[in-house]
Amino acid sequence: MEERIDYLVRWLQDKVEEAGADGALVGISGGIDSAVVSYLVKKAFPDQSLGVLLPINKKMEEQTDALAVVEGADLDYIGINLTDAYETTYKAVKGQIEEKGDWKDDKSQLGGANLKARLRMSTLYAVGNNYNYLVVGTDNAAEDYTGYFTKYGDGGVDLVPLINLRKEEVREMAGALDVPSSIIEKKPSAELWEGQTDEDELGMSYDTIDAYLRGEKINPEDEKKLKDRHEQTAHKRQIPAGPEEYRGD
């Protein structure tokens, strides 16, 4: 694992150099994936790295896990509270759709959650532009395969160092990096809404997904669910689709 960490650190350094950037930043949620990326970014760029905390409907001081990450990694950071920006945007969208009589309450929870993710990513790029830093994402192999990320939200990044790591490998890497145990052991959650957990949303455990990604046999029902989800989310892993060039008859 130490060799794998060194490999990812060198890869981050090479990619930033290729892009002509000065360093890298990461949005920190307080979850294990963003924690691992935070530690990797700090190792790769000791003096040109930044963590960004982006709470919505929470105070900065309530981001205890995220603050523990920046302290543990000794990572420079800034906090930007996006509550007002989110509420203003969401209210404007809802108001205009309601005027047309087209508002769908059953779509509102997920729509609001995705808006949060996209607002956060827009903010990260605004910060990155100021510093000439690349934006480093936190998606792992399980999330990539299942499409468990917001298109142009947490999926809209420059680099994804964990993309080939199963969740179990992310945990192992977190241990090797000395990420706080409270973060390693907490239930994975994108914090899309109060009480939300990744495994509830996915309908199965990360252990099951990891087993499938290792090529092991799993419950046929879970296997079908995973394959269906992979196919349905293919558009998230591709550049925007366009038609073949028109050449006439």
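Any value given below was found using the heavy atoms of this structure, including those in side chains, with hydrogens, waters and symmetry copies removed.
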Can you tell me how far [atom2] of [Y] sits from [atom1] of [X], rounded to the nearest 0.5 angstrom?
X: L82; Y: L54; atom1: CG; atom2: CG; result: 5.0 Å
X: D47; Y: D22; atom1: CG; atom2: CG; result: 12.5 Å
X: N81; Y: E62; atom1: CG; atom2: CD; result: 9.5 Å
X: L119; Y: K116; atom1: CG; atom2: NZ; result: 10.5 Å

Between V26 and S38, which heavy-atom pair has the shortest distance, and what is it?
-> CG1-OG, 3.6 Å
Worked check of side-chain hydrogen bond (donor to acceptor under 3.5 Å, both in side chains) between D154 and Y148 = CA-CA 10 Å; D154 50 319; Y148 190 65; over 6 Å; no
Is a side-chain N or O of Q13 found less than 3.5 angstrom from the main chain of A44, in a donor-acceptor match?
->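 Yes, the answer is positive, given that a donor and an acceptor are paired below the 3.5 Å cut-off.
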Is there a donor-acceptor contact under 3.5 Å from the side chain of E223 to the main chain of K217?
->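 No.
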Do other residues, nucleotides or ligands put more than 12 heavy atoms under 6.0 Å from the CD atom of E17?
-> no
Taking atom NZ of K225 as the centre, report whether more than 12 heavy atoms of other residues, nucleotides or ligands fall under 6.0 Å from it.
-> yes
Out of D33, D207, D210, which one pairs with K167 under the side-chain hydrogen bond (donor to acceptor under 3.5 Å, both in side chains) rule?
-> D33
Test T233 against R229 for side-chain hydrogen bond (donor to acceptor under 3.5 Å, both in side chains), laying out the working first.
-> CA-CA 6 Å; T233 59; R229 180 181 279 271; over 6 Å; no
Compute the centroid of each ring, for F45 and then for Y133, and state whether the two points are separated by less than 6.0 Å.
->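 Here the rings of Y133 and F45 have centres that are no less than 6.0 Å from each other.
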Any idea how Y145 and H230 line up, ring-wise: parallel (<30°), tilted (30 to 60°), or perpendicular (>60°)?
->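 Parallel, since the angle between the ring planes stays under 30°.
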